[in-house]
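What you are looking at is a predicted structure, and each value in this text was computed from that prediction instead of being measured. Quick note: residue numbers are just sequence positions, from 1. The analysis underlying the following values was restricted to heavy atoms, covering all of them including side chains, and did not include hydrogens, waters or symmetry mates.
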Amino acid sequence: MAAGGAGRGGARARAMAREALPWDDPSAVRVPDPEAALGAAGLHWDDLNALRVLDPEAAQQTAQLREECGAFLDKIAEFQKIVGSLIELVDQLARAAESEKMKAIGARNLLKSIAKQREAQEQQLQALIAEKKMQLQRYQIEYETLCKIEADQNEFIDQFIFQK
């Protein structure tokens, strides 16, 4: 009996021990979630089942940001091209305006020069007129003097002829 009892007791002990094992109870056994373990390590599976360092949402946001940055850079390049052509156009206009300004300054200086020449010529003519007026006065005085002399000489001749 002892052997049978021991045999039965051993089976019972085994059955009790079997009941107490954690792998037999599914709620007692905790198998770690592989995605959670990878996530804790900073690793993630993507849509193509490739192991990634970034989580899929961050990778998607990064890709979207990369596309937006590319579009932004394209717009900036187009803007720079437009601004470059605008600057070139403004430079051309500035050169044209500077050229016209120089022409206007040259024309103004020419007009001033012509005006000064006319003033100088007018002053010369005024001086010549004054000189000619003085000469006319001298000639008038000389004429009057000569007329008096002629009258005196005619009177003298007349007296001389009458006295003879």
Side-chain angles (χ1 to χ4, degrees), residues 22 26-164:
S27 64
V29 176
R30 298 224 168 154
V31 177
D33 183 18
E35 289 186 21
L38 287 174
L43 301 172
H44 304 280
W45 294 104
D46 66 1
D47 294 341
L48 302 175
N49 288 329
L51 193 58
R52 303 284 180 195
V53 176
L54 289 176
D55 66 343
E57 185 177 324
Q60 180 185 6
Q61 289 175 351
T62 302
Q64 182 180 0
L65 182 61
R66 184 178 300 118
E67 289 175 10
E68 289 175 3
C69 286
F72 179 74
L73 288 175
D74 291 342
K75 288 180 182 179
I76 290 294
E78 183 179 342
F79 177 74
Q80 285 179 336
K81 190 187 305 181
I82 290 170
V83 167
S85 64
L86 179 65
I87 288 173
E88 185 178 323
L89 178 64
V90 168
D91 284 344
Q92 288 174 356
L93 290 174
R95 285 190 296 271
E98 188 68 25
S99 174
E100 291 299 318
K101 178 182 169 185
M102 289 300 168
K103 286 179 185 178
I105 289 172
R108 183 180 64 195
N109 289 342
L110 181 62
L111 287 174
K112 283 182 181 179
S113 162
I114 290 171
K116 285 182 182 180
Q117 286 176 352
R118 285 190 180 170
E119 281 182 28
Q121 187 179 15
E122 183 181 348
Q123 287 176 353
Q124 287 175 349
L125 291 174
Q126 291 291 340
L128 184 63
I129 289 171
E131 182 182 329
K132 294 296 181 183
K133 281 184 179 179
M134 289 174 52
Q135 188 176 12
L136 177 63
Q137 284 178 347
R138 279 195 309 257
Y139 287 154
Q140 285 175 342
I141 293 171
E142 187 177 341
Y143 175 73
E144 289 172 4
T145 306
L146 288 175
C147 283
K148 279 185 185 181
I149 293 174
E150 180 186 18
D152 288 345
Q153 286 178 355
N154 283 337
E155 188 180 324
F156 177 75
I157 292 174
D158 286 343
Q159 284 179 5
F160 182 72
I161 292 179
F162 286 127
Q163 286 181 4
K164 264 190 179 192

Between Q135 and R138, is there a side-chain heavy-atom distance shorter than 4.5 Å? yes
Do K132 and L136 make a side-chain contact, defined as non-hydrogen atoms from C-beta onward lying under 4.5 Å apart? no
Euclidean distance, Q124 CD relative to Q117 CD, rounded to 0.5 Å: 10.5 Å
Enter the distance from I105:CD1 to E100:CD here, rounded to the nearest 0.5 Å. 11.5 Å
Taking atom NZ of K103 and atom CG of L110, what is their separation to the nearest 0.5 Å? 14.5 Å
In Å and rounded to the nearest 0.5 Å, what is the SG to CD1 distance from C69 to I76? 11.0 Å
In terms of heavy-atom contacts, does CD of E68 have more than 12 from other residues, nucleotides or ligands at under 6.0 Å? yes
For T145 and I141, indicate whether the former's side chain and the latter's backbone hold a donor-acceptor pair under 3.5 Å. yes
Taken to the nearest 0.5 Å, the spacing of C147 SG from E142 CD works out to 10.5 Å
Quick one: side-chain contact (heavy atoms from CB on, under 4.5 Å) partners of V83, sequence neighbours excluded? F79, I87
Could you check whether any side-chain N or O of S113 sits under 3.5 Å from a backbone N or O of N109, counting only pairs where one atom can act as donor and the other as acceptor? no
If you round to the nearest 0.5 Å, how far is CD1 of I149 from OH of Y143? 13.0 Å
Do E78 and D74 come within less than 4.5 Å of each other through their side chains, counting heavy atoms only? no
Residues which pass salt bridge (Lys or Arg N to Asp or Glu O under 4.0 Å) with K116, listed by chain and number, not counting sequence neighbours: none
